[in-house]
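I have placed the structure first, in the form of structure tokens, so that the comments after it can refer back to it.
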Amino acid sequence: MKMSNKCYDILKYIALIVLPALGTLYFALAKIWSFPYGAEIVGTITAVDAFLGALLKISTDQYNQELKPPEDEP
């Protein structure tokens, strides 16, 4: 799975900043204003965030593997 640096940076920003902030905001407002489906929406946001984090980790590992110099075999 290859992605451009720009795409990676945007997805990382979404995963680290936007989705957790959005989940926290909805959770707080749902409690204060009795918005519907608080647990379901926050759970969905968290699941999407975890999935996105896993994809970014896979991408990072593949990128680092490509940069790693080949090891000498005995």
Side-chain angles (χ1 to χ4, degrees):
M1 171 203 298
K2 287 192 173 194
M3 62 179 77
S4 69
N5 287 340
K6 184 176 181 177
C7 179
Y8 177 86
D9 290 341
I10 290 170
L11 290 176
K12 186 175 177 182
Y13 178 78
I14 291 170
L16 292 177
I17 306 295
V18 175
L19 290 177
L22 181 63
T24 302
L25 176 65
Y26 193 86
F27 180 77
L29 294 178
K31 291 294 183 183
I32 295 168
W33 296 102
S34 300
F35 289 172
Y37 306 108
E40 292 84 352
I41 291 173
V42 173
T44 301
I45 292 170
T46 303
V48 170
D49 193 32
F51 180 73
L52 184 55
L55 290 179
L56 291 169
K57 174 66 173 147
I58 291 168
S59 177
T60 300
D61 288 347
Q62 288 177 348
Y63 177 78
N64 289 335
Q65 191 66 27
E66 290 176 6
L67 293 180
K68 188 177 178 184
E71 296 181 15
D72 294 333
E73 293 185 25

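As a basis for the values below, the full set of heavy atoms in this structure was taken, side chains included, without hydrogen atoms, waters or symmetry mates.
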Atom pair OG1 (Thr44) and OH (Tyr37), whose distance is rounded to the nearest 0.5 Å: 12.0 Å
In this structure, CG of Leu56 is separated from CG of Leu16 (nearest 0.5 Å) by 8.0 Å
Just verifying a value: how many Å separate Ser4 OG and Leu11 CG, rounded to the nearest 0.5 Å? 9.0 Å
Ile14 and side chain to side chain contact (heavy atoms under 4.5 Å, CB included): which partner among Leu19, Asp49, Leu22, Val48? Leu19
With a sphere of 6.0 Å drawn around CZ of Phe51, does it hold more than 12 non-hydrogen atoms of other residues, nucleotides or ligands? no
Does atom OH of Tyr26 have more than 12 heavy-atom neighbours, drawn from other residues, nucleotides or ligands, at distances under 6.0 Å? yes
Starting at CD1 of Ile10, measure out to CG of Asn5 and round the result to the nearest 0.5 Å. 11.0 Å
Separation between CG (Leu52) and NZ (Lys12), nearest 0.5 Å, reads 11.5 Å
Looking only at non-hydrogen atoms, find the nearest pair between Ala15 and Pro20 and report the distance. O-CD, 3.4 Å
Tell me, with the steps shown, if Asp61 and Gln65 meet side-chain contact (heavy atoms from CB on, under 4.5 Å). CA-CA 6 Å; Asp61 288 347; Gln65 191 66 27; over 6 Å; no
side-chain hydrogen bond (donor to acceptor under 3.5 Å, both in side chains) filter on Asp9, not counting sequence neighbours, yields none
Can you see which heavy atom on Gly38 is nearest to which on Ala30, and at what distance? CA-CB, 4.1 Å
Any donor and acceptor pair, going by atom type alone, linking the side chain of Ser59 with main-chain N or O of Leu55 inside 3.5 Å? no
Please check if atom OH in Tyr63 has more than 12 non-hydrogen atoms from other residues, nucleotides or ligands closer than 6.0 Å. no
